[in-house]
Amino acid sequence: MDNIEQTINTQQPSPTTPEYDDENIRHLSDMEHIRTRPGMYIGRLGDGSLPEDGIYVLLKEVIDNSIDEFRMNAGKRIEIDIEDNLRVSVRDYGRGIPQGKLIEAVSQLNTGGKYDSKAFKKSVGLNGVGVKAVNFLSSHFKVKSFRDGKVRELNFERGVLTYDKTRKTDDENGTYIYFEPDNCETLFKNYQFHDDIVETMLRNYTYLNTGLAIVFNGRRILSRNGLKDLLTDNMTNDGLYPIVHMQGEDIEIAFTHTNQYGEEYHSFVNGQHTTQGGTHQSAFKEHIARTIKEFFGKYEYGDIRNGLVAAIAINVEEPVFESQTKIKLGSTLMAPSGESINKYVGDFIKQQVDNFLHIHGDVAEAIENKVKESERERKAMAGVTKLARERAKKANLHNRKLRDCRIHYSDVKDSRKEESCIFITEGDSASGSITKSRDVNTQAVFSLRGKPLNTFGLTKKVVYENEEFNLLQAALDIEDGLDTLRYNKVIVATDADVDGMHIRLLIITFFLQFFPDLIKKGHVYVLQTPLFRVRNRRTKIKNKQVLEAEDKKIAEQQQKNPNIKRSDFITRYCYSDEERQQAIRELGPDPEITRFKGLGEISPEEFSGFIGPDIRLEQVTLHKTDQVQKLLEYYMGKNTMERQNFIIDNLVIEEDLPEEEQE
């Protein structure tokens, strides 16, 4: 009996268990739900420094509707203006949103014209969410629908309708949308649109919609050759043969081989850039290799795809994406026909590519020469590859260089996988500070020992012969491509001195040489850490009135923003000399200044602030104008007189801070 009573007692709620009753059950309106849980609709928020940040999703949602109009042969021009990198307007010349349902179309979830295929076929916007999310996540939102000599205009303030008027007009039919993302504390704080990110997005739209003209801040963007233009504009290595470009009903492909290592793919569905691929990209990879293998009657798939740069675009009715942000296709069928995407893509490639190779013997010869070269290199390093894999497998059981995290980019169903990152550091002190201050759920650390090998001009055999590079490749899990990449962000974290810069270049050279797609897909970053700490010497201020005045100022600021801490007014971390000068002006008199000369000098407590929500990252990017091989040869090749003269001409002697400014 005593045992029974004891069991019952242990099941009673703890005295500290909070109440849970009817009052805890809340209903949120459409607007409240989107503003409370924006991540469900637009992914990450961010400040606009990265292409996946939420403000670009808002822009995309508006443009997608205009693109759908173009794809229905309604309007061949879209005008986009971004004022002060903050305020956006988009004007298309399509049919215009039906005016009688204009309020519902922009402010009621699950309302739209694309739930069937009557007014729109093969569109991207399917869920009745997109432009509503833009409205609810904007401080100011305006929509105008021009139809048959009338225009209806609505204004909203944070999702609340403030103006509704219809009048006559001589303007062309179409839709105009203006929005300002809400820069409040809980949404897009300190955001800014970046022209280069926007322009890349817009160019992708034109590649997929030949004949469409997009005017961005007065600049005209268009494409006449579709995916062929995309490859031409994005390849940083010359093709080994002219780009092969083919089009069919609801499918378009383009490809060539280069001398780069690995594979590179660009994939699209209904004009949407599926940056994480999906069923259509997987089908392309499978069938392009199979078709070429069957044409020659030999060779392995890996050798055939090595150096391949390709793009595929398909149109699907009612596509199924794996998230609202539509970056990965999940559909398996070419609805409504019922034919599988894999078979549809495979049949097209088998017929068209096989015919092309029979007709164009020069291209077939160039492909075979590249495949043979890849085969020779693979066989030459077969022995060392096997040993390296065994070594990496053993090391993975207890990889002393890797402090792993719990959530990985390859974890398909984890909602936080986009946050996963790995810091590549040099030395125990730097890796120690990051390891102690990191988020163990999403942040991993890989520690190098000294300066890594300069890999410029070497073959991929070095990836397996060099223990550190082999372990790094294994940690990232990119030996067979990016499909299994374990971290969304690969962050190079080195000191801001000459040695640190050299290590940074050596790591980036390694990626450029053997895994260029890691950079091209936007996964590589450089960690920005502060150069100075400027601290107010409060303990030396004897004037009571000065202290009281400062306390009053801090209290006033905290009333406006409860998140502000007292330390925010006492210490400033500065990433440049300009920021240091500003901090001195703000924190005087007689501030205490510390110059950080290495990551190891920053305490774990301080470091947690530099790799937390306010982390500063600089993305490593590649553009068509970047001649990768020439740049690598110049900076990482033999020490030529030309490079020596460049270093001498650009040498900067850094002056030490005066003693009174140092801690």
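The analysis underlying the following values was restricted to heavy atoms, covering all of them including side chains, and did not include hydrogens, waters or symmetry mates.
Residues F193 and Y56 place their aromatic rings such that the two centres sit under 6.0 Å apart. Residues F179 and F141 keep their aromatic ring centres 6.0 Å or farther apart. Taking the six-membered ring for Trp and the full ring otherwise, the centers of H523 and Y409 sit less than 6.0 Å from each other. Note: H358 and F295 meet the aromatic proximity criterion, with ring centroids under 6.0 Å apart.
The pair D404-R486 meets the salt-bridge criterion, since a charged nitrogen lies less than 4.0 angstrom from a carboxylate oxygen. A salt bridge links E264 to K520: one of the charged nitrogens lies within less than 4.0 Å of a carboxylate oxygen. Using a 4.0 Å cut-off between a side-chain N of Lys or Arg and a carboxylate O of Asp or Glu, R219 and E199 qualify as a salt bridge. Ion pairing between a basic and an acidic side chain is recognised when a charged N comes within 4.0 Å of a carboxylate O; R378 and D303 show such pairing. Under the 4.0 Å criterion applied to side-chain N and carboxylate O atoms, E419 and R416 are assigned as salt-bridge partners.
Between the OG atom in S223 and the OH atom in Y205 there is a gap of 15.5 Å [rounded to 0.5 Å]. Separation of atoms CD1 (I63) and CD1 (I80) is listed at 3.5 Å; rounding is to 0.5 Å.
For the 3.5 Å distance criterion, the side chains of Y261 and E377 qualify, holding a donor opposite an acceptor.
No more than 12 heavy atoms of other residues, nucleotides or ligands sit less than 6.0 Å from atom NZ of K228. For K76, the NZ atom sits in a loose shell: 12 or fewer heavy atoms of surrounding residues, nucleotides or ligands are nearer than 6.0 Å.
Aromatic ring pairs are classed by plane angle as parallel below 30°, tilted from 30° to 60° and perpendicular above 60°; the pair F515 and F510 is perpendicular. Ring geometry for H360 versus F356: interplanar angle under 30°, hence parallel rather than tilted (30 to 60°).
Figure legend: cation-pi geometry between K293 and Y301, with NZ or CZ positioned under 6.0 Å from the six-membered ring centre and within 45° of its axis. Y93 carries R91 over the face of its six-membered ring, with the cationic atom under 6.0 Å from the centre and within 45° of the normal.
The shortest heavy-atom contact between V134 and L58 is CG2-O, 3.5 Å.
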